[in-house]
Amino acid sequence: MNPEKERLSSGEHWKMWGPYVAERAWGTVREDYSADGKAWDYLPHEHARSRAYRWSEDGLAGISDDCQRLCFALAFWNGRDPILKERIFGLSGTQGNHGEDAKEYWWYADSTPTHSWMRWQYVYPQAEFPYDRLVAENARRGRTDPEFELLDTGVFDGDRYWDVEVDYAKAAPTDVCIRISVRNAGPDEATLDVLPTLWFRNAWSWDVGAARPEIAGRAGELTATHHELGTMTLTGEGGPAPLVCDNDTNTALLWSVPGPAYPKDGIGDHLVHGAATVNPSNAGTKGALHYRLTVAPGKTAEIRLRLSGRSADLGASWAETMRLRREEADEFYRELAPDADPKEALVMRQALAGMLWSKQYYRYDVARWLDGDPTQPPPPAERRDGRNSAWRHVDDSNVISMPDKWEYPWFAAWDLAFHCVALAHVDAEFAKEQLILLLREWYQHPNGQLPAYEWDFSDVNPPVHAWAALRVFEIDGSRDFDFLERVMHKLLLNFTWWVNRKDSTGNNVFEGGFLGLDNIGPIDRSQVPEGGLLEQSDGTAWMAFFCLDLLEMSFILAEHDRTYEDLAVKFFEHFALIAEAMNDKGLWDEEDGFYYDVLSLPGRPPEPLRVRSMVGLIPLCSATTLGRATMERLPAFAERFRWFLENRPQYDRVIGNVHTLGVNEGRLFSIVGPDRLRRILERMLDEEEFLSPHGLRALSRYHLEHPFSVAIDGTIATVDYEPAESTTPLFGGNSNWRGPVWFPANYLVIEALRRYARYFGDDFTVECPTGSGRKMTLCEVSDELSRRLVATFLDDGSGRRPVFGGVERFQSDPAWHDRLLFYEYFNGDDGAGLGASHQTGWTGLVADVVIGRASGGVRPIGADTAGSGTDSTAAAGAGAARGGAHA
């Protein structure tokens with residue numbers, strides 16, 4: 001067995017140390033104690049260096065233990081900056097002309113799932129970092145202008161920058177070897193101060209009598225002692241000088257109140273300004289080893305470090321650990337997709353590295369946050385009924401997969417579900433733990449709702465956790481029935497919450513609000529005009545999708561416990577009710593051949609919002625198949641199913657479609673029947689509508705020349721095609737669903753096409769692209785969409801990667817060209833990356849797509865069963881899962 005796989009299964013706590021430090025803790029909800037809830041303003045970037053965080057920590061290439069008691073990260077100074085470079089700089093939500101935005105370049109280059117090997121890369125200007133210019137220029141620009149980026153300032157011209165690479169290799173769970181390589185990319189000799197920094201998260205300032213740990217420094221060494229963690233020593237080669245202060249707020253600077261003599265910003269002020277702000281006795285709670293490197297042009301300097309509770313060796317054992325862990329990582333990823341194209345394998349490995357680096361320790365006690373700490377001034381009274389006040393039960397202290405540790409350094413419920421699908425390929429246990437986590441009683445509300453995200457736990461994300469659990473179950477070998485059962489019991493509560501809260505008229509047509517699709521409609525779907533009702537095509541389709549997920553869980557679990565047959569009956573019937581309502585209550589537009597949201601306002605008839613968007617494609621995803629083998633294994637279900645067909649003929653179009661492949665008969669459960677499927681696909685595969693060179697657009701390009709408008713309360717609300725950044729600040733910051741390509745929605749459509757293909761086989765073909773005359777089966781269409789998604793990251797015929805757009809440095813500089821960024825979404829016309837630049841979270845699904853392509857295509861759950869209506873050993877043992885419920 002590969003050594004990394006052995007570590008995963010060894011039972012040793014190899015993941016105790018990992019990349020659990022955020023890229024940004026300032027400007028977050030948890031650190032906001034204001035009355036007005038303006039988190040970006042309460043603790044801005046300029047306070048971050050001087051103010052002790054309450055709940056989190058941030059840093060460059062940061063690692064910590066899994067309870068974030070002790071942290072390690074890097075700091076730099078180029079001799080010109082006004083402050084020490086300790087964290088990634090970016091604009092707040094109100095500063096950026098397209099919302100919040102990081103303004104630096106760093107890469108998560110590599111990682112194994114136990115973090116036995118990790119690599120991080122960063123480029124740092126040799127000229128003064130242009131903080132003020134970035135703020136001022138972006139403030140000058142409007143939403144119709146492009147963002148002003150660090151490369152646009154010219155600070156990298158002439159290659160005058162430092163190219164930093166950091167490698168971590170574990171000799172043991174609490175023994176981390178560290179290599180810092182600093183290349184002078186410029187034409188002249190230059191000097192850089194490098195400060196490997198060790199500090200304790202401040203957990204002592206908030207409680208009376210809390211224990212205070214200590215870091216003691218001496219030449220070449222920092223020793224950290226903690227009452228729970230024990231002793232860890234950071235050893236640096238060459239005897240660098242220690243600089244020690246305290247991770248306490250500089251109250252004198254911020255509020256003119258006497259405070260600590262050696263506060264959090266003490267090391268920076270000492271280095272940059274020569275201030276007497278480091279403790280001459282070398283004792284405190286934050287320390288750094290100070291290296292000053294002078295490097296010739298084109299040359300690289302190396303620093304060796306070791307953070308350990310057991311060894312200080314920086315010689316032979318250090319070098320051997322570095323070599324072995326890198327080789328083991330190479331072996332681990334070769335085995336993951338041995339038949340993948342090497343260029344696609346590079347994309348897969350960097351995507352998974354980004355996902356593994358995006359783990360973060362997340363601490364948030366909502367009741368304590370609302371009420372305040374006993375040693376601090378009481379929070380404003382307005383907070384008691386403000387943000388997240390209905391979630392006082394939330395008290396979490398976990399390592400969680402984050403969407404983006406700078407842009408979104410907090411969990412998001414539906415993002416997390418997609419993360420787990422990709423992560424399951426490298427660490428199925430972690431993926432399962434993550435899915436269970438949000439269903440635990442300290443996250444899930446007693447009423448059954450799942451918390452959406454930190455800015456508003458009460459918002460609503462699409463119900464995709466059941467789907468993700470099934471997908472992870474299948475990737476893990478379809479054998480962990482205990483996991484599936486645990487998940488299902490809590491998801492039943494969540495399903496009931498949806499039915500009770502989001503079907504206000506009781507007609508099986510659901511609302512839900514914006515459901516994660518920022519700006520996709522003409523109105524903010526979470527703020528419908530007073531007295532109005534927005535019945536949502538996607539909200540209703542998500543609930544039908546949820547029903548089928550729970551149906552298939554019931555089938556699987558019924559193989560081991562027949563009582564689950566009753567639940568299978570319940571979700572089969574509920575699916576039929578929702579699917580028929582979807583087709584019978586005005587959401588389907590027969591003239592256009594598409595699904596739309598329907599808006600009802602006082603004094604006006606219901607009006608379909610004829611916006612051709614992802615809202616109308618989500619119904620495709622609610623489909624599965626059922627065959628004779630399942631009926632034979634589950635006779636009680638089969639009997640009820642036959643009764644329902646005979647006595648409820650009105651549901652025949654959503655559960656009554658039967659197709660025979662050879663001698664095998666299968667039945668299709670779907671919102672979209674064969675005729676409507678063909679009509680929707682005609683639009684979806686039209687390159688003048690949804691089909692772009694890099695996947696499916698979230699909004700049809702048709703609306704570029706045909707905007708949709710609706711009059712509401714005397715104003716005109718309009719939707720038009722916007723392939724890149726949003727020019728409409730209707731909802732969200734820099735996110736846009738009015739034209740760009742989003743990975744999660746594409747992934748679900750690709751998987752749905754595979755399910756339809758298992759039902760129709762090669763009997764069903766469509767033009768792809770529409771109007772091309774080229775006929776494809778649905779499997780081939782799925783493969784083509786997968787190819788287009790992956791191609792976003794690959795060199796085209798001109799040696800340019802579409803993801804980099806027109807950024808010439810990335811396209812033509814060999815030092816930058818293979819360093820991939822995984823963006824939040826992608827330009828609907830040319831594939832350029834947009835939004836959050838490290839959204840490896842759900843864009844990390846590209847790794848699953850690459851693995852699927854290497855093994856014959858992205859598979860729906862249960863695809864190990866062969867053909868419509870057939871049986872197999874795998875399906876018989878596992879029951880039947882998504883796409884294989886017919887088996």
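- Within 6.0 Å of CZ on Arg310 lie no more than 12 heavy atoms contributed by other residues, nucleotides or ligands.
- Figure legend: Lys103 and Tyr131 shown without cation-pi pairing, the cationic atom not lying both under 6.0 angstrom from the six-membered ring centre and within 45 degrees of its axis.
- No hydrogens or angles considered: a donor-acceptor pair under 3.5 Å links the side chains of Asp246 and Thr285.
- Residues Tyr361 and Ser397 bring a donor and an acceptor atom of their side chains to less than 3.5 Å of each other.
- For His393 and Trp391, the distance between ring centers is under 6.0 angstrom.
- In terms of modelled atom types and a separation under 3.5 Å, the side chain of Glu4 and the main chain of Ala329 share no donor-acceptor contact.
- Ser34 contributes no side-chain N or O that, together with a main-chain N or O of Tyr42, makes up a donor-acceptor pair within less than 3.5 Å.
- For Thr375 and Asp373, the side-chain atoms include no donor-acceptor pair closer than 3.5 Å.
- Here the side chain of Glu824 pairs no donor or acceptor atom with the backbone of Gly835 at under 3.5 angstrom.
- The salt bridge (charged side-chain N to carboxylate O under 4.0 Å, His left out) with Asp110 is formed by just one residue from the set Arg349, Arg119, Arg325; it is Arg349.
- For the 3.5 Å distance criterion, the side chains of His115 and Lys359 qualify, holding a donor opposite an acceptor.
- Looking at Arg24, its side chain does come within 3.5 Å of a backbone N or O of Trp26 through a donor-acceptor pair.
- The closest donor-acceptor contact from the side chain of Asp65 to the backbone of Leu70 lies under 3.5 Å.
- A distance of 13.0 Å separates CD of Glu31 from NE2 of His47, quoted to the nearest 0.5 Å.
- Within the cation-pi definition used here (under 6.0 Å to the ring centroid, within 45° of the axis), Arg7 qualifies as a partner of Trp14.
- In this structure, Tyr362 has its ring center no closer than 6.0 Å to that of Trp410.
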Steps toward side-chain hydrogen bond (donor to acceptor under 3.5 Å, both in side chains) verdict (His13, Asp66): CA-CA 10 Å; His13 197 6; Asp66 57 2; 2.7 Å; yes
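- Between the Lys264 side chain and the Ala48 main chain, a donor and an acceptor come within less than 3.5 Å of each other.
- Distance alone, capped at 3.5 Å, is enough to place a donor-acceptor pair between the Asp58 side chain and the Ala25 backbone.
- Of the possible polar contacts, none joining the Gln444 side chain to the Leu438 backbone as a donor-acceptor pair under 3.5 Å is found.
- Gln360 places no side-chain N or O within donor-acceptor distance of the main-chain N or O of Val399, the cut-off being under 3.5 Å.
- Around atom CZ of Arg212, more than 12 heavy atoms belonging to other residues, nucleotides or ligands sit under 6.0 Å away.
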